[in-house]
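Position 1 is the first residue of the sequence, and the numbers go up from there. Remember, it's 1-based here, ligands and their atoms both numbered in the order they're listed. Quantities reported herein were computed from a predicted structural model and do not represent experimental measurements.
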Amino acid sequence: MLVVAKFGGSSVANSTQFKKVKEIVLSNDLENYRNAVVVSALGKKEKGDSKITDLLYLLHAHLKYNVPYDNIYEMIKTRFNKVKEDLELNIDLEKEFAELEKSLSKDIKEDYLVSRGEYITSKMMAEYLGYGFVDAADVIKFNYDGTINYELTYDLIEKSYIEQGKIVIPGFYGAYPNGTIKTFSRGGSDITGAIVAAALKASFYENWTDVSGILMTDPKIIKDAKTIKEITYAELRELSYMGASVLHEHTVFPVQRAHIPIKILNTNRPLDLGTIITEDCNDFSQIITGIAGKKLFTSFTITKKQEVNKLLVIKSALDVFSRFNINVEHIPSSIDSFSVVVPSSDVANNLYDVVTALKNNPDIQEVHIDDDIALIAVVGRNMVDKPGISGRIFGIVGNNNINIKMIAQGSHELNIIVGVSNKDFEKTIKVIYDNLIK
Ligand code: ASP
């Protein structure tokens, strides 16, 4: 069975990490073949390391503003040269750099420049593994509107795999029809890995990183947070949306559509089980899969006049938020009022203009603002049909003297969201974790 393995920046940060990758890739057992490998650019492993991608963005800024850039460029070259020397690779880096230098000018395209991190790292990895190198520009194809041309992309990836047998593809970028390089947003090598896995109908998409899977909550709040063994794509989406940073948000779609499970694994501890992300999970041992949250929200509680139609008032209020380009996160409601919860940063400069616009609707009686809200989402597929879970959560939070300002529950019962004061954010996560998970 074919496995697509993607290695993140910290997994390829230096020659020691390259060796770990080789050991993992070549440790194919009888059933799994890691024949397609996707890599990020050299990242951070030791204190003081910089990510090559960060340096390339910095290099671009220097070029653009005509600031001397020799130091940064030297740092980039030195990182690559060191890996080459340590691993005794034959790759002609001088030639690669000479090619790049041809376009090192004020007008260099940012996407092209930053993509060189993945490009060179992958060439080195391909040689080191004895795999063929496939340039992402030749197989990951964008349309001019920035969307991916999946049909063509899948076809091209499959063809290069059939031709070359075992391949390394750089993550993070592809090309428009005219060949111009386009990158994904930061962290986008995850997406490349997912696309390659879907194109090759892999049995698994392995995402190798520097943690042994997804934690049930933020380790900055719960030091020894447990690892999630199994999670569904839908739960992961909820957790990521609420702030858990795991995979690039656009990663899941191609593999989910092709029913390919994702494994999150640790390059530094390859025997750890990690986390598996699938459509359906068989693990019923935990009611709660994970807890995530975000601070700094503002809620507008809008009370309408009793006799008027609530839907029309909600519609007119939402029109106001949309006109001001404000992201609406939640709309919990009761008979005569509803709250619109938005990121505080979205209303930092126009709060009173928004209130004035809302109050222009004569059907609105009052607008009350609370600018001190943190949202915490408790996510779990096993909460469905289990009465009393929300009651328990509210009880735990209340018993710990935390004031709940807002409650929202997704209709598919995958998540329960509570809004508390920003200062209670960490404490709320801690008491829910301690009582319902630990
Ligand atoms: N190297 C790119 C970044 O740092 C892409 C990636 O690593 O996924 O964002």
Note to self: Check Lys159 with Asp155, please: is the shortest side-chain N to carboxylate O separation under 4.0 Å?
What the structure shows: yes
Notebook entry, point to check: Lys77 and salt bridge (charged side-chain N to carboxylate O under 4.0 Å, His left out): which partner among Glu94, Glu101, Glu96?
Noted result: Glu101
Notebook entry, point to check: Considering only heavy atoms, does His248 approach ligand 1 within less than 4.0 Å through its side chain, its backbone, both, or neither?
Noted result: neither
Notebook entry, point to check: When you measure from the centre of the six-membered ring of Tyr128, is the NZ or CZ of Lys19 under 6.0 Å away and within 45° of the axis?
Noted result: no
Checklist line | Nearest-neighbour protein heavy atom for atom 4 (O) of ligand 1, which is reported as residue plus atom name and distance | finding: Arg186 NH2, 2.9 Å
Check: Between Phe97 and Phe80, what is the ring plane arrangement, given parallel below 30°, perpendicular above 60°, and tilted in between?
Finding: tilted
Notebook entry, point to check: If we ignore angles and hydrogens, is there a donor and acceptor under 3.5 Å between the side chains of Asn66 and Lys106?
Noted result: no
Notebook entry, point to check: Between Gln17 and Asn268, is a side chain to side chain donor-acceptor pair (under 3.5 Å) present by the stated rule, with each step listed?
Noted result: CA-CA 8 Å; Gln17 294 304 94; Asn268 307 312; 3.0 Å; yes
Next item on the list: Give a yes/no on ligand 1: does Gly9 have at least one heavy atom closer than 4.0 angstrom to it?
Entry: no
Check: With a cut-off of 4.0 Å, which atoms of ligand 1 are near a heavy atom of Glu118?
Finding: 1 (N), 2 (C), 5 (C), 6 (C), 7 (O)
Check: Which heavy atom of the protein is the closest neighbour of atom 7 (O) of ligand 1, given with residue, atom name and distance?
Finding: Ser40 OG, 3.0 Å
Notebook entry, point to check: Is there at least one pair of N or O atoms, one from Lys51 and one from ligand 1, spaced under 3.5 Å apart?
Noted result: yes
Margin query: Would Gly187 count as a polar contact of ligand 1, with the cut-off being nitrogen or oxygen pairs under 3.5 Å?
Written below: yes
Checklist line | For Ser189, the ligand 1 atoms whose distance to one of its heavy atoms is below 4.0 Å | finding: 5 (C), 6 (C), 7 (O), 8 (O)
